[in-house]
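Sequential numbering from 1 along the given sequence is applied to the chain's residues. What you see is a predicted model; the values in this text were computed from it and never measured.
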Amino acid sequence: MDSPNLANFSMRSCLLFATLLVSSVSFSVAEVHFHEFVIQARPVKRLCRTHSTITVNGQFPGPTLAVRDGDSLVITAINRARYNVTLHWHGVRQLRNPWADGPEYVTQCPIQPGGTYTYRFTIQNQEGTLWWHAHSKWLRATVYGALIIFPKLGSHYPFPMPKREFPVLLGEWFDRNPMDVLKQALFTGAAPNVSDAYTINGQPGDLYRCSSKGTAVFPAIPGETILLRIINAALNQELFFSVANHQMTVVGVDAAYTRPFATNVIMIGPGQTTNVLITANQAPGRYYVAARAYDTAQNAAFDNTTTTAILQYISTSGSGGQGQSSRPILPILPAYNDTTTATAFTASLRSPGKINVPTQIDENLLFTVGLGLLNCSNPNSPRCQGPNGTRFAASVNNISFVFPTTNSLMQAYYQGVPGVFTTDFPPVPPIPFNYTGNVSRGLWQPVKATKLYKLKYGSRVQLVFQDTSIVTTEDHPMHLHGYSFAVVGTGFGNFDPINDPPKFNLIDPPLRNTIGSTPGGWAAIRFVADNPGVWLMHCHLDSHLVIGLAMSFLVENGVGELQSVIPPPPDLPRC
């Protein structure tokens with residue numbers, strides 16, 4: 001079943017926000033939103049074929065959640081699918097509440113088939129666009145939806161109020177069960193098969209077979225300004241996005257406002273969100289909204305197709321305007337390997353004004369992120385189908401992360417259960433090398449382990465993600481659970497700890513929860529470890545996550561109740 005909520009979200013959201021502003025004259029009370037999410041298989045037809053697809057409440061994409069800053073959510077997940085599942089509320093700070101974060105075997109054990117779990121959390125000092133998704137294996141290929149956070153009652157957007165707004169969820173569609181695609185890759189050790197289509201709000205669009213009737217349409221009255229809340233929910237692909245003949249003004253990323261700037265194209269990595277304003281100032285007609293791959297890995301297969309939706313001008317009565325039957329105009333998108341355009345877009349992001357960035361650093365971390373290869377005792381066997389008879393792996397600082405299978409990291413830490421993890425994750429690469437140069441094959445094989453890095457509460461952290469040329473250089477979108485961070489610098493080549501930090505932007509860097517590592521380069525972030533608990537950090541290319549491109553921080557409790565993790569809920573799934 002297709003999702004019925006996105007087509008009507010524009011008018012409902014504008015009416016909701018207008019009602020909130022009017023209501024704020026007399027009172028300002030945060031609300032509690034109760035939802036029931038039933039995870040179940042339902043028939044979904046795409047590309048001429050019907051699949052039994054894992055959905056939420058029978059919808060694909062899943063329900064859009066619309067709340068205000070300060071509101072609380074109580075979401076009961078009921079698992080009627082045949083797989084274990086968890087749900088993650090991507091970008092929500094979850095202050096002192098890792099139990100609601102959701103990554104499988106990190107902050108909870110999975111909800112087993114037939115089981116339930118209620119996620120309870122509060123939005124605190126965040127507004128903009130986030131999203132939610134499954135955090136178990138590859139279930140997030142179809143289990144995802146938008147999380148819209150409006151300003152508190154009495155507050156306003158820091159830009160002119162748009163007449164309409166739409167969630168724009170970019171996804172990937174596999175013409176087979178995504179879990180089977182993953183299973184095959186994990187068995188063979190080779191790269192997984194790529195997707196068969198990209199989607200906008202669950203629909204591939206006019207350029208794919210059997211897809212034109214379902215193409216998403218965004219209506220606009222001539223002269224009005226609309227807000228697009230763009231979410232990259234794709235499983236394994238960064239994307240370029242554009243609207244034909246319409247300039248976009250970027251006003252926010254990852255539930256943080258930005259200094260507005262104009263652009264014809266955005267680059268958005270999996271896990272990231274970008275809010276843009278567009279004005280319907282062109283000749284009435286139909287214009288394609290389009291997305292296609294930005295791919296930085298060398299000699300790697302990728303889905304080289306283009307998904308489309310339609311920006312359709314309508315009259316004030318709501319009927320289609322002139323040119324309704326004409327073929328829409330297609331935007332010019334960058335080449336798949338146009339790193340210059342991608343880098344220029346990322347470099348344009350700034351916070352609206354000065355923000356608090358740590359200037360004194362307690363923890364100075366350098367994390368190499370990238371792929372690796374595991375040697376096989378029987379090369380080219382059915383389980384060793386990677387390059388030269390090996391198996392693909394991935395790592396951070398040469399540690400290929402192994403998720404527990406009998407307990408979650410957070411439960412083991414909270415309950416003092418030994419033997420589940422160690423806290424000796426290296427702060428820098430164990431063996432320094434020319435990270436983006438010609439790397440000795442002796443450094444290509446990582447070590448499998450479940451290692452955490454311990455941070456004292458309140459410590460000021462600088463973390464540099466350093467890409468490597470092992471197997472291939474690549475843009476790895478790194479996501480840190482439980483935190484937003486300031487992106488203070490990026491560059492190509494090897495990070496220079498002497499000459500690069502003086503160039504950092506410590507005044508108005510953008511705030512993000514997911515940042516690309518820069519292909520063949522580095523990205524530096526800073527944050528204060530003010531959220532106790534175990535927090536996963538990983539590449540949001542799920543093909544890399546499942547082979548070890550992850551680690552976890554263990555942030556210790558501070559002083560007193562307000563700096564300590566809350567007790568686990570009684571219905572936390574058993575391991």
Open item on the list: Looking only at the side chains, is there a donor atom on one of Q40 and R82 sitting less than 3.5 Å from an acceptor on the other?
Closed with: no

Open item on the list: Can you confirm if the aromatic rings of W138 and Y83 lie within a centre distance of less than 6.0 Å?
Closed with: no

Open item on the list: Would the distance check show the side chain of D175 and the main-chain N or O of D196 forming a donor-acceptor pair, the cut-off being under 3.5 Å?
Closed with: no

Task: K137 side chain near M179 side chain, heavy-atom distance below 4.5 Å - done: yes

- [ ] Give me the ring orientation class for H35 and H33: parallel if the planes are under 30° apart, tilted from 30 to 60°, perpendicular past 60°.
- [x] parallel

Task: Beyond-backbone contact of V396 with F465, side-chain heavy atoms, under 4.5 angstrom - done: no

Task: Residue that, paired with W131, satisfies side chain to side chain contact (heavy atoms under 4.5 Å, CB included) out of R140, H88, Q272 - done: R140

- [ ] Verify whether one side chain among N494 and T436 offers a donor that lies under 3.5 Å from an acceptor in the other.
- [x] yes

Task: Contact summary for A523 and I515, nearest pair of heavy atoms - done: CB-CG1, 4.4 Å

- [ ] State, with a plain yes or no, whether a side-chain heavy atom of M537 is found less than 4.5 Å away from one of S552.
- [x] no

Open item on the list: Does atom CZ (R80) have a neighbourhood of more than 12 heavy atoms from anything else shown, all under 6.0 Å?
Closed with: no

- [ ] Would you mind reporting whether H538 and F401 have side-chain heavy atoms less than 4.5 Å apart?
- [x] no

Open item on the list: Before you tell me yes or no, could you show the steps for D467 and W522 under side chain to side chain contact (heavy atoms under 4.5 Å, CB included), namely the whole-Å CA-CA distance, both residues' side-chain angles and the distance that decides it to 0.1 Å?
Closed with: CA-CA 6 Å; D467 186 30; W522 54 270; over 6 Å; no

TODO: Specify the closest pair of heavy atoms between R46 and G202, including all atoms of both residues, with the distance to one decimal.
DONE: NE-O, 2.7 Å

TODO: Verify the distance criterion only: is there a donor paired with an acceptor across the side chains of T422 and D424 at less than 3.5 Å?
DONE: yes

- [ ] Check the side chains of T188 and Q385 for a donor-acceptor pair under 3.5 angstrom, ignoring hydrogens and angles.
- [x] no

- [ ] Verify the ring-centre separation between H90 and H540: is it less than 6.0 angstrom?
- [x] yes

Task: Expected output: side-chain N201 to main-chain P167 donor-acceptor under 3.5 Å - done: yes

TODO: Check the side chains of H476 and S517 for a donor-acceptor pair under 3.5 angstrom, ignoring hydrogens and angles.
DONE: no

Open item on the list: Quick one: does any side-chain atom of N397 pair with a main-chain N or O of I399 as donor and acceptor, under 3.5 Å?
Closed with: no

Task: Note: R93-D530 ion pair, threshold 4.0 Å (strictly below) - done: yes

- [ ] Kindly state whether the ring of F60 and the ring of W173 have centres lying under 6.0 angstrom apart.
- [x] yes

Task: V168 vs I231, side chain to side chain contact (heavy atoms under 4.5 Å, CB included): CA-CA, chis, key distance, verdict - done: CA-CA 6 Å; V168 181; I231 300 164; over 6 Å; no

- [ ] Answer yes or no: is there an ion pair linking R68 with E31, defined by an N-O contact shorter than 4.0 Å?
- [x] yes

- [ ] Could you tell me whether I431 atom CD1 has more than 12 heavy atoms of other residues or ligands within 6.0 Å of it?
- [x] no

Open item on the list: Using every non-hydrogen atom in the two residues, find where T368 and P429 come nearest and quote the distance to one decimal.
Closed with: CG2-CG, 3.5 Å

TODO: Look at atom CD of E561 and say whether more than 12 heavy atoms of other residues, nucleotides or ligands are closer to it than 6.0 Å.
DONE: no

Open item on the list: Is any side-chain heavy atom of F485 closer than 4.5 Å to one of V487?
Closed with: yes

TODO: Kindly say whether the aromatic ring centers of F121 and W89 come within a distance under 6.0 Å.
DONE: yes

Open item on the list: Testing the basics here: between Q466 and L366, what is the closest heavy-atom pair and its distance to 0.1 Å?
Closed with: CB-CD1, 4.0 Å

- [ ] Kindly give the heavy-atom pair with the smallest separation between T450 and V402, and that separation in Å.
- [x] OG1-O, 2.6 Å

- [ ] Name the orientation class of the two ring planes belonging to Y483 and F527 (parallel below 30°, tilted from 30 to 60°, perpendicular beyond 60°).
- [x] tilted

Task: D180 CG: over 12 foreign heavy atoms closer than 6.0 Å - done: yes

